[in-house]
Amino acid sequence: MRKKQLIISAVFLSGLFLLLLAAGCSSNTGASPASGNPGPEQAAFIAAANDCKDMNLTDNEDIGTFYLTSSQGCVFTKTLVHLNDGEMQGMKTMLEGTNMTCSYTQGNFDSRWVTSLVGGMEYCNGDLKDAIAKLTIFTT
Amino acid sequence: MIRGALCIVILFALIVPVVADYSSQPWSWNTYTGTVTWWVTVTEDQSACSGPVLTNRYSVPIQFNAGSAVMGDVGHGSAGGTFTSENILHIDGRTVADPPGESALSPYDVQFSPDCSAFTAKYTWAYTGSDGNCEGSTSLSGKIASDSCPSSSAATLIPTVAPASGEYLTSEIASAHEDLTTDLGSRLDRDVVTSMLNNGWIRKDTADPIIAGDTATIHAIEPKVEGEYQAILAKDPTNFWANSDMAELRKSQGIWDGSDGYFGYMDKALSNTNIAADTAKTIRDNIVAQYNLAQWPDPSDSAFMDRLERDVHSDQDVHGTNIQSTSTGTSSSDTLSLKEFLTFGSGKSVADAFTDAFKKLAYQ
């Protein structure tokens, strides 16, 4: 059991490292509006992801920086790379570097995964999902 | 006037069946035969032995045999005694093994309350062993694990009314929850490895045995988990913990709709508004402590929380259902925020948070 966990952890950390490395070198960047309607870069990403194309986007939002990827396997990954200054250190510890993956079928990409913090999250897994879910219990 | 009186009568009709129904007549344990389960708070004062004052809570059976009784283990083994009056059980002194030495326990009386609901007792002990000699005391405070006195011929206490959240079910819920946590851990493990495989982050020959192992665990344990919870819900259909756990199981299985789906169980759980509010508060406190947050995250001083607050209210559609429109959980911010957490959190994450909340709330 421990060996299995080590394998999973090693592969997962390697994948996360590559994601973060790619986030720094991404060719696509875009400042996005608040939740709701997608900005131009987000719309382009959503269109590509909907066709299960390899795509990435460094998404600079007012709350922080997300790194989004889609793959030919129809898997969407969202990583919260950086939370903007002004947030509590505990919030940064809780959120920065976390990610979630969402599997879908071609033509059924949920655009809320890009434009919202919670929309469509029931189909995703990962520590970003769990951290956000924990914070929803502080909402009113 | 008549309408007001009618309301009061209806309120009493609704409230009376769910409140404790202890005996209004003096109860006599010395004539009772049968086994009754008690929640016993045991406080052991070891301060004279350079130790702490320990307080633990146990589920303890007492076997009554019309004039005598055997009390289950409260730390020094089970012990038999005889009734010296209707509600006083006398237990003789004895010496018990207490490795690496032994303890001589004083005789003591167990004083049961005349309404059958509680008992108190205290005895002293003298320890002798290779590591030294010292003395201390043990106090017992018992509360019957039911909402009513036992019926006179019952061999085992079965409550006569469905409790709102039956304390006597606590051990069953704890056992089922442990199995559920194992199941949800396997489901999460399988989902993560499957996503990694689909993304090309892990080799197929590495992923396949893990996925197969998790699937075998899920198939083995889920029928047991469902059986455990259905047994609890048969006794207490609105039980908060059983319904919320069944909701998480159904969510992980992708079964969302209907009374046997996620939303059905979630609504039943959140109909227990007081315990839902207590659970929400306990989970918040645990998160603040876990992440060393200086204060509760608040939209007024956090851009992230402000955005989350807006998104939570604008993105209420979950698997085709507007969670605001489900029947419960919208009457207070506590139940609504707990609903968000239940809905958006992974089954394993929610189950872990509920483990901590259950330990704190169910044993109060």
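First the proteins, then the strands, lettered A, B, ... as listed; each starts at 1. These numbers come from the heavy atoms of this one structure, side chains and all, not from hydrogens, waters or symmetry mates.
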For this session: Using a cut-off of 6.0 Å, state whether more than 12 heavy atoms not belonging to B:Lys281 lie near its atom NZ.
Result: no
Exercise. Is a donor on one side and an acceptor on the other found under 3.5 Å between the side chain of A:Glu87 and the backbone of B:Phe304?
Worked result: yes
For this session: Count the heavy-atom pairs under 4.5 Å between each of A:Thr93, A:Ile132, A:Ile137, A:Leu135 and chain B, then report the option with the highest count.
Result: A:Ile137
For this session: Return the minimal non-hydrogen interatomic distance between A:Thr136 and B:Leu308, and the atom names on each side.
Result: N-CD2, 3.8 Å
Exercise. When only heavy atoms count and the cut-off is under 4.5 Å, which of residues 290-303 of chain B reach chain A?
Worked result: B:Gln290, B:Tyr291, B:Leu293, B:Ala294, B:Gln295, B:Trp296, B:Pro297, B:Asp301, B:Ser302, B:Ala303
Seminar exercise, completed: Most heavy-atom pairs under 4.5 Å with chain A, out of B:Asn198, B:Leu338, B:Ile287, B:Val350, belong to B:Ile287
Problem set entry | A:Asn125 portion near chain B, given a 4.5 angstrom heavy-atom threshold | side chain
Seminar exercise, completed: Okay, A:Leu83 and chain B: the region with an atom under 4.5 Å from a heavy atom over there is side chain
Exercise. Measuring from B:Ser346:OG to A:Asp130:CG, what's the distance to the nearest 0.5 Å?
Worked result: 3.5 Å
Exercise. Hey, does B:Met305 have a side-chain heavy atom less than 4.5 Å from the side chain of A:Thr139?
Worked result: yes
Problem set entry | Which atoms of A:Met94 approach chain B - backbone, side chain, both or neither, heavy atom under 4.5 Å | both
Seminar exercise, completed: When the 4.5 angstrom heavy-atom criterion is applied to B:Leu342 and chain A, the contacting part is neither
Seminar exercise, completed: Between the NZ atom in A:Lys134 and the OG atom in B:Ser349, the distance rounded to the nearest 0.5 Å is 5.0 Å
For this session: Would you confirm whether B:Asp311, through its side chain, and A:Leu117, through its main-chain N or O, come within 3.5 Å as a donor-acceptor pair?
Result: yes
Problem set entry | Shortest non-hydrogen contact from B:Phe344 toward A:Met121 | CB-CE, 3.4 Å
Exercise. Is there side-chain contact between B:Ser314 and A:Ser116, with at least one heavy-atom pair below 4.5 Å?
Worked result: no
Problem set entry | Flag side-chain contact, heavy atom, 4.5 Å: A:Asp62 against B:Arg307 | yes
